[in-house]
Structure formats: C-alpha cells, structure tokens
Undergrad: 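The structure's right below; bear with me while I get my questions together.
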Protein chains: 2
Amino acid sequence: MSPKVSKEHMEKRRANILEAAKQVFIEMGYERTTMKHVMEAAGVSRGGLYQYFLNKEDLYEAILEEGLEKAVDDNGLLLEKEVDSYWPLLMKRMFGESMEPDDRLDPLAPSNLEFFITGRHDERRRQYGLNRYQLGLQVYEELIKAGQECGEFSKTYDSKTMARSIVSFIDGLALDHAILPEEEIQVKKQSLLFVEYLKMALEVERGNRLKK
Amino acid sequence: MSPKVSKEHMEKRRANILEAAKQVFIEMGYERTTMKHVMEAAGVSRGGLYQYFLNKEDLYEAILEEGLEKAVDDNGLLLEKEVDSYWPLLMKRMFGESMEPDDRLDPLAPSNLEFFITGRHDERRRQYGLNRYQLGLQVYEELIKAGQECGEFSKTYDSKTMARSIVSFIDGLALDHAILPEEEIQVKKQSLLFVEYLKMALEVERGNRLKK
DNA sequence: CATTATAACGACACTATTGTCGTTTTTCAA
DNA sequence: TTGAAAAACGACAATAGTGTCGTTATAATG
C-alpha cells in the first residue's frame, strides 16, 4: 500500500542520472553517446536507467526541459528589476555580475551553440533550441526598448535589430572561441571593441548626458 | 595488361558519389547518414561504394579534402590582386561581388558552422575545420594589415583583433540566422550596422580623406 | 525483525548497420 | 566480335547498440 522507497531517494537518483547524462551528451554529442556511456557515468546498470527514463530520447528531452526551465528563471529574474539606468543592466546581461567585458562569455551563448548543433538534424530538439534563443532575444529587446522609451538610448536603430546584433555578436564570439581558443585575452579585446560599437549605435554617452 | 575501364569513367563516377555523399552528409549529419543513404543518393550499390572509398570515414575525409582545396584557391585568388584601396576589397571579401551588405552571407560562414558541428566530437574533423577557419582569418588579417601599413586604416586596434571580430560577426550572423531565419532583411540591417562599426574602428572615412 | 513493494540488475532477443566476398556484368582493346 | 580485366552487385557474417524481462537486492513500514 505505502511506498517502500522514499520519494527523496528516487528524485535524488533521477537528478544524478540527469546530471551525469548531460555531461556525456555534451562531451560526445547525442548520436555518439550510448546508454552504456550514460550508465557508466551515472554509476547505475543499463536496466536501471529505464526505471527513470523510457529511452534515450526521453532522457535527452528531460535534460532539455530542465535547461529551458532554468533559462526562463534566469531571464525572468533580470526583467523583474526596476532600474533608472538600462546601460548597466545591459552590460550585466551581456557580461554577468562584473558588468564589464572579461574573458568569460554570456552563459546563454554556449547553450545556443549546443542546441543549434544537437537540433540541427532533429525537429523536436531544434524547437527547444529556438525557444531558448527567443527567450534570450526577448530580454535584450525589452531592455533596449525600455531604454529607448525613457530616452537613455537612441532610437536610430530599432530594438529588434539591436537585440539580434547583440545576440549575434555573443554567439559568434562563443563560436569562434570554440573553434580557435587561443588566448583568453582575445575575447576581452573583441568584447571591448563591441561595447564601443554599442555605445555608438545606442548613443549612450549622449543619452546619459541628456539625462543629467 | 591494359586497363579495361577508362580512367575518365572512374573519375567521373567517383566525383558523382562524392557530390551525392556531400549532400547527404550536410542534410543528415555524419552520424546519422548510413552507407545505404549515400548509395541511394549516388545511385550505386552498397558494394560499389567500397570500390572507391575504404569506408564511411574515408569517404567523409575525401569530401573535407576537396572542400579545403577549394577554400585555399578562393582565398589565394583574393590576396593576389594589387589594389590602391583596401576598403572595397574588405567589403568584397565580406559580402561578395556586390561589395555591399545584402541578405546573402559570406560563403565561408556556413562552412565554418558545418565543420564546427561535424568536428565537435572528432579530433580529425576538428582539425580540418580549424585549417579552414585560420585560412579565412588570414585573409582578413592580411587585408587589414596592408590597409594599416598604407595609412588607409587606423591602427587603433590590431589587425588580429579586427580580423577575428569580423569573422566572429559573420559567423554569429550566420549562426543566428540559421537558428531563427525569419525575414532576410534582418541580415542586411545587422550587416549595415556592422559596417558602421567597422568604419568607426578602422576610421575609414578619416583614412580616405587623408589619402586624397 | 519480518514483510513486501519496488528499485536495481544483467542476460537476452531484436534491430540496424557495417564491410567482405564470390558472382555477374560491363567496358575496352585487340 | 570476342576475351579478359576490373567494376558493380547484393547476400552474408560480424558487430554494436537498444529496450525488455525475469530475478535479485534493498529499503521503508508495521
């Protein structure tokens, strides 16, 4: 009648498999990873995997689902805040808490790449990637639109074009850095250059002056 | 003693298989394509494929090899030319013969993406992609360096950073357009914005004025 | 501590795909 | 036209990977 194995134990193990499987999928790609790989990484038996997931595809989908939920939370958090200046918020979205270009990249970028790759030959996975992508885009667009509304940013370029330019830039940087890692400093250099460009396109200096 | 099948016939058939296989690999990705797919696309029997290629990997490598040779030729062609102004040449490299942003992209970009994807989990294929990438980078770097030497471009940013920024931008645009195609016009808009950015970073207007 | 539901296990059957190989067909030179 | 060399073929064995299923081990409850 009553459960003989605690719910906590099940959830913990499921999460454990999910995390291990995620690493394997990232490492090897969907097609190449076998359930044997996942099994070894998670430290369970082959049969055990099927206790928690219907099959390989179901396991993969669970990973995507989890990632999407996290992305929604992250983005929601940023948009909630009420601010008087959008430039710092934009910088924060692009470069993280430090709010200025360093050798790290927007965490959304590698994930965009990942989903683009895995989704390239599979409609369902492509759809997940698209959702995430649009989610990221939306945050930038709203930030810029808000900045333009209050007069902080120039309206020379529409918010959609600016948002896509930013995401394009970040994704391109992540892609090229993945292809040719070389020195970390290169990422920072290119980012600094891009910030100059953003300031120009949004006329941030002028905008800030106007506000004062 | 003498060959009973003409060399031309063999070469033609080999090229035929190569072209068909290339399409299949692009369409399906390396892991998913089977020799059966290739066989059907090329219109030969399974056994026939092994007359020309040792195995699937060998077939794939032959396609890469061919692509690399073509890329070397294309880039070599551009660098050979003697010019008095590097800006038009830079535009030409970025946007093709039209020399100004339209909805088309540098043909190198999709190929960069392709090799990044296929090479992501395979060292040998990754190396091919890297070679191509560096080849593209080299052309931009030499163009900008030459332009800087003759005073047409500003030396504010080093040629390497500028070259990588350009390739980053193009690849990012290609990637994002691949993820979210939407209207073609968006590509043009973002490209125009990027050209403004390039003019700023290279101080092209000023440079041109100085030359006159 | 005993009971029992169920999680964990690993052998098994099934499927898909690869590369080989003996046979047939084609092609070209004499 | 004919003969031989080699290309084209497709059945075959080998391999790899999936998901199922009956059995065993384990953990919560009374």
Side-chain angles (χ1 to χ4, degrees), chain A residues 1-64 118 120-122 124-125, chain B residues 1-64 118 120-122 124-125:
Chain A
M1 200 74 90
S2 52
K4 294 293 164 188
V5 174
S6 73
K7 206 167 183 177
E8 290 77 37
H9 179 256
M10 290 286 281
E11 277 171 7
K12 201 171 174 183
R13 177 155 276 235
R14 193 189 135 96
N16 198 45
I17 294 173
L18 224 49
E19 181 53 34
K22 188 178 162 186
Q23 290 309 316
V24 178
F25 278 125
I26 289 174
E27 180 85 21
M28 316 259 300
Y30 180 81
E31 305 295 342
R32 291 197 162 198
T33 62
T34 67
M35 291 305 250
K36 201 181 166 215
H37 290 135
V38 174
M39 157 200 128
E40 280 160 3
V44 290
S45 67
R46 269 184 53 62
L49 289 179
Y50 292 89
Q51 197 75 35
Y52 295 91
F53 304 97
L54 270 66
N55 49 41
K56 189 176 162 186
E57 186 61 31
D58 182 54
L59 171 59
Y60 192 83
E61 265 190 37
I63 294 170
L64 292 184
T118 55
R120 188 158 169 72
H121 305 107
D122 184 310
R124 204 157 5 149
R125 262 174 272 164
Chain B
M1 196 75 86
S2 52
K4 295 294 161 186
V5 174
S6 73
K7 207 166 183 178
E8 291 76 38
H9 178 256
M10 288 287 282
E11 276 171 7
K12 200 171 174 182
R13 178 156 273 236
R14 192 190 136 96
N16 198 45
I17 294 173
L18 225 49
E19 181 52 36
K22 188 177 162 188
Q23 291 308 317
V24 179
F25 277 125
I26 289 173
E27 180 84 18
M28 317 258 300
Y30 180 81
E31 306 295 342
R32 291 196 162 200
T33 62
T34 68
M35 290 306 250
K36 200 180 167 218
H37 290 136
V38 174
M39 157 200 127
E40 280 160 2
V44 289
S45 67
R46 270 184 53 63
L49 289 179
Y50 290 90
Q51 197 77 34
Y52 295 91
F53 304 97
L54 269 68
N55 49 42
K56 189 176 160 186
E57 186 62 31
D58 183 53
L59 170 60
Y60 192 83
E61 265 189 37
I63 293 170
L64 292 183
T118 56
R120 187 161 169 71
H121 306 107
D122 183 310
R124 206 157 4 149
R125 263 172 272 163

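Bear in mind the structure is a predicted one, so any value in this text is a computation, not a measurement.
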Undergrad: Does A:Glu40 have any salt bridge (charged side-chain N to carboxylate O under 4.0 Å, His left out) partners at least two apart in sequence or in another chain, and if so, which?
TA: none
Undergrad: Any idea which heavy atoms bring A:Tyr52 and A:Arg14 closest together, and the distance?
TA: O-NH1, 3.7 Å
Undergrad: Which value, rounded to the nearest 0.5 Å, describes the distance between A:Phe25 atom CZ and A:Arg32 atom CZ?
TA: 14.5 Å
Undergrad: What integer distance in Å separates A:Arg13:CZ from C:dA7:C1'?
TA: 8 Å
Undergrad: Rounded off to whole Å, could you give me the CD-to-P distance for the B:Glu40 and C:dT17 pair?
TA: 11 Å
Undergrad: Of the non-hydrogen atoms in B:Thr33 and B:Tyr30, which two are nearest, and what is the gap between them?
TA: OG1-O, 3.1 Å
Undergrad: Determine the minimum heavy-atom distance between B:Val44 and B:Met39, stating which atoms define it.
TA: O-CG, 2.7 Å
Undergrad: What is the distance, to the nearest angstrom, from the CG atom on A:Leu49 to the P atom on C:dG10?
TA: 12 Å
Undergrad: Taking N or O atoms only and anything under 3.5 Å, show me the protein contacts with nucleotides 17-21 of chain D, one pair per line.
TA:
{"residue": "D:dT18", "atom": "OP2", "partner": "A:Met35", "partner atom": "N", "Å": "3.3"}
{"residue": "D:dG19", "atom": "OP2", "partner": "A:Tyr50", "partner atom": "OH", "Å": "2.8"}
{"residue": "D:dG19", "atom": "N7", "partner": "A:Arg46", "partner atom": "NH2", "Å": "2.2"}
{"residue": "D:dG19", "atom": "O6", "partner": "A:Arg46", "partner atom": "NH2", "Å": "3.2"}

Undergrad: Nearest whole angstrom, please: distance from the P of D:dA6 to the CE of B:Met10.
TA: 10 Å
Undergrad: Expressed as a whole number of angstroms, how long is the span from B:Asn16:CG to D:dA8:P?
TA: 11 Å
Undergrad: To check you understand the geometry: which heavy-atom pair defines the closest contact between A:Asp58 and A:Asn55, and what is its length?
TA: N-OD1, 2.9 Å
Undergrad: Atom CD of B:Gln51 and atom P of C:dT25: how far apart are they, to the nearest Å?
TA: 17 Å
Undergrad: Tell me: CZ of B:Arg14 to P of D:dA8, nearest whole Å?
TA: 13 Å
Undergrad: Nearest-Å distance, OH (A:Tyr52) to C1' (C:dC9)?
TA: 13 Å
